[in-house]
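Inspection log for the structure reproduced underneath, given as structure tokens.
Below, each value reflects all heavy atoms present in this structure, side chains not excepted, and no hydrogens, waters or symmetry copies.
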Amino acid sequence: FPVTIKSSDLSGAHFVEANLSGASLKDALLVGTSLIETNLAGADLSGANLSGADLSGANLVGCILTGADLTETKLSGANLEGVKGYNPNP
């Protein structure tokens with residue numbers, strides 16, 4: 001079952017190689033969170049604060065990032081196929 005963690009403060013948490021596919025992380029505070037190699041396919045991260053988070057190698061296929069703060073977020077090697085609300089070259 002998908003996880004619902006919307007509007008929660010998970011700053012600095014470590015979810016390395018976790019399966020959060022389809023999770024609702026809408027408006028979550030994820031500042032400096034480690035999501036390396038995490039499966040976030042289809043997750044709703046709209047309005048989430050991911051500033052300084054590490055999503056290196058994460059699976060973000062079909063993820064919703066509309067209104068998310070990606071300031072200094074590491075996306076090296078992340079799969080961004082079909083991501084909604086993200087423009088890598090604003």
Side-chain angles (χ1 to χ4, degrees):
F1 298 98
V3 176
T4 301
I5 312 174
K6 61 184 180 180
S7 301
S8 297
D9 185 353
L10 300 170
S11 297
H14 295 274
F15 292 103
V16 177
E17 298 181 1
N19 182 3
L20 296 174
S21 61
S24 176
L25 295 158
K26 188 175 183 174
D27 298 319
L29 190 57
L30 300 163
V31 176
T33 299
S34 180
L35 294 158
I36 298 168
E37 302 282 330
T38 294
N39 182 3
L40 288 158
D44 184 355
L45 290 157
S46 55
N49 185 340
L50 290 155
S51 58
D54 190 349
L55 283 89
S56 300
N59 178 6
L60 298 167
V61 173
C63 188
I64 303 169
L65 292 172
T66 306
D69 183 350
L70 300 171
T71 307
E72 296 184 25
T73 299
K74 296 177 184 133
L75 293 166
S76 173
N79 186 343
L80 300 167
E81 186 178 330
V83 169
K84 298 169 186 78
Y86 171 68
N87 181 1
N89 303 309

Other ILVMFWY residues reachable from Val31 by side-chain steps of under 4.5 Å: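 Answer for Val31: Leu29.
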For residues 70-78, please give each side-chain donor-acceptor pair under 3.5 Å, one per line with the distance, not counting sequence neighbours.
residue, atom, partner, partner atom, Å
Thr71, OG1, Asp69, OD1, 2.5
Thr73, OG1, Leu50, O, 2.6
Thr73, OG1, Leu70, O, 3.1

Quick check for you: to the nearest 0.5 Å, what is the distance between Leu25 atom CG and Phe15 atom CZ? 8.0 Å
Would you give the length of the straight line joining atom OG1 of Thr33 to atom CG of Asp9, rounded to the nearest 0.5 angstrom? 8.0 Å
Nearest heavy-atom neighbours spanning Leu30 and Ala48: CD1-CB, 4.4 Å
Determine all donor-acceptor pairs shorter than 3.5 Å in which one atom belongs to a side chain in residues 54-61; sequence neighbours excluded.
residue, atom, partner, partner atom, Å
Asp54, OD1, Ser56, N, 3.0
Asp54, OD1, Ser56, OG, 2.5
Asn59, OD1, Val61, N, 3.1
Asn59, ND2, Asn39, OD1, 3.3

